[in-house]
Amino acid sequence: MTSLLQDPLLWVLLAVLLAAVFAVMKARRTNMALRRQNENLRSARDGLQGERNQLYTDYAALRTQHSDALAEVRQDAEAETKDVLKSAMRTLQVLADEQQHVIDKAQRKYGDDSEILADLMLVDHTNSQFSRRAQGIAVLCGGWLGRRETIASVYDVARSAQGRIKHFDRVRINSQVNVSVAPRAVEPVAVVLAELLANATNYSAPGTPVEINIQTVSTGVCLIVDDAGLGMSQEEKDRAAELLDPQGPVAITGLGNPPKFGFAVSGMLAARYGFKVSVDSVSPYGGVRAVILLPENLLTTNVPEPEESGATGHRHADGQSAVPGPTPVPDPEPMAQPQRLTSMATSAHHAAPARPVGTTAGGLPKRRRISSVSVVPFPVDADEAEREQPEPEHGGQVTAARISAFARGTQLGRNTPSTEGPEAQ
Amino acid sequence: MTRPDEEAAVTGHFVRSYVITGGRRLPEADELSLHTLVTLAPDAELPLGASPEVREIWELCAGGYLAVAEVSAHLGLPVGVARLLLTDLFEQGHLLRRAAPPRAQLVDRETIEKVLHGLQTRYG
């Protein structure tokens, strides 16, 4: 035993054992510490994760709020822009309309000079195109086109539209339809048709014709515009269909730059006035076929006045020459008498400008002598003459006075720019 | 003036004159001067597809001779435009025309002024 005690190996073993025990204890302590630490970390992580999720939700909420606010601001900005543009366009529309009046007057004033008249027509043409653009932008901004007071035949609506585009001379109108458009729809239909014509002429070869065919269908009247262009891709057609059937206000900023107003304007107007526009078919010439379908409620079968009297009053709305002789009632104005004699077809009840003649007729007795001028032969047909009421006593004189006044008026008119003034004195 | 939201009336002529002429060159005044008289040829028949303006001329001229200026005034169109339409009809043989009646003899301005003056002293 003692020998064993004295065996160094034992001590060595003992020492090793002690060291091992100590090491195990230490390891265990470390382990426990680590485990605790791990748990702490884990809970910290969970907390952080929760916090992060919270932040995520907050962030998403803020983001929606932000985009809502942004959309609102955009909408406000768009609405404000539209308002401003609308009133600006209104000014331009009024100016274009005024200019048209001025041109009308000038055309009548210088109508005898073919060169000046041709130049005035160029100015007029440019002004009409300008007016159409202003109208288009106004419509997109929720503005108005301006209303017509009178009905117009579908044919005249087509011709009016024709006049608003650049290449109007490429447009042919075929119409066998004798229907008129109600006053409120006259201008919108003309504008839409003009936009379709503008598209048709712009997207087809320069020399090719663009046709308008007007047809009656069971639900109304169709205005069909055919061009010989390249047609539209499916994508373009889809986009066009979207614009032509708008579900709400159209964002003017979404129309490209330079903007393409045509379909958007057409869609807005069609929706507002209740007609249909489509461009999804193919024309027999290979291009696009655009169709405007006007329902019955925008049409009327009344015969339009052959011309709408302008506000200037320069047109002698000599009225229903389309329905000759519907007014057998004698005109109280004796001035109308010679008018009727020289032109049976003009309606009796509306004398051409009575005023200047009236003032001149009363004056100088010498005028009566010019009755020789009234060699203007009256209608030979007796039946037409007897349709006339008994002539007022001074019929011959008045006739002479009028015709002489007219003859001198035209002479004078060619010599001086003023047409009336000096004559009456 | 209308209110901002109200639709203003548009009063310009609906169909512009260059559309009526089809952008064609306007004829000179030589053939049809302002007081050339025109009327329908006796056996003229309205061409098919005649424009409203041509129809109107047709009706205007059916009753007897009418001066070019009068036709233009009745149509409410510039003389040049009416002249183009009339020239078309004339070339198609639908219209007859005759020169204006001879002018009254022109008296020199001095005489006219004297007469006017005399009248004014007497009646004015």
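Remember, predicted model here, so these are calculated numbers, not experimental data.
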Could you check whether any side-chain heavy atom of Met121(A) comes within less than 4.5 Å of a side-chain heavy atom of Ile20(B), counting everything from C-beta outward? no
Please report the shortest heavy-atom distance between [X] and [Y], naming the atom on each side.
X	Y	value
Arg108(A)	Gly76(B)	NH1-O, 4.1 Å
Val15(B)	Ser160(A)	CG2-N, 4.4 Å
Leu26(B)	Ala118(A)	CD1-N, 3.8 Å

Above 12 or not: heavy atoms from other molecules or residues under 6.0 Å from CD of Glu110(B)? no
With sequence neighbours left out, what residues match Arg24(B) under salt bridge (Lys or Arg N to Asp or Glu O under 4.0 Å)? Asp88(B)
Residues at least two apart in sequence or cross-chain that pass side chain to side chain donor-acceptor pair (under 3.5 Å) with Arg132(A), listed by chain then number, are Glu195(A)
Under the side chain to side chain donor-acceptor pair (under 3.5 Å) test, which residues partner Arg97(B), sequence neighbours left out? Glu31(B)
With a 4.5 Å cut-off on heavy-atom pairs, point out which of Asp113(A), Leu117(A), Asp124(A) contacts chain B the most. Asp124(A)
Could you tell me which of Gln176(A), Arg164(A), His125(A) has the largest number of non-hydrogen atom pairs under 4.5 Å with chain B? His125(A)
Please round to the nearest 0.5 Å and tell me the distance separating atom [atom1] of [X] and atom [atom2] of [Y].
X	Y	atom1	atom2	value
Ser114(A)	Glu28(B)	OG	CD	3.5 Å
Asp112(A)	Ser72(B)	CG	OG	9.0 Å
Arg159(A)	Phe14(B)	CZ	CZ	10.0 Å

Which atoms of [X] come close to chain A, meaning under 4.5 Å heavy atom to heavy atom: side chain ones, backbone ones, both, or neither?
X	answer
Thr39(B)	neither
Val68(B)	neither
Arg55(B)	neither

Arg25(B)/Glu115(A) ion pair, N-O < 4.0 Å: no
Heavy atoms under 4.5 Å from chain B: which residues of residues 166-175 of chain A carry them? Phe168(A), Asp169(A)
Backbone N or O of Leu122(A) within a donor-acceptor pair of the Tyr18(B) side chain at under 3.5 Å? no
Determine, stepwise, if the pair Arg16(B) / Gln100(A) fulfils side-chain contact (heavy atoms from CB on, under 4.5 Å). CA-CA 10 Å; Arg16(B) 310 306 301 170; Gln100(A) 205 170 57; 3.2 Å; yes
Measure distances from Ala161(A) to the heavy atoms of chain B and classify the residue's part below 4.5 Å as side chain, backbone, both or neither. neither
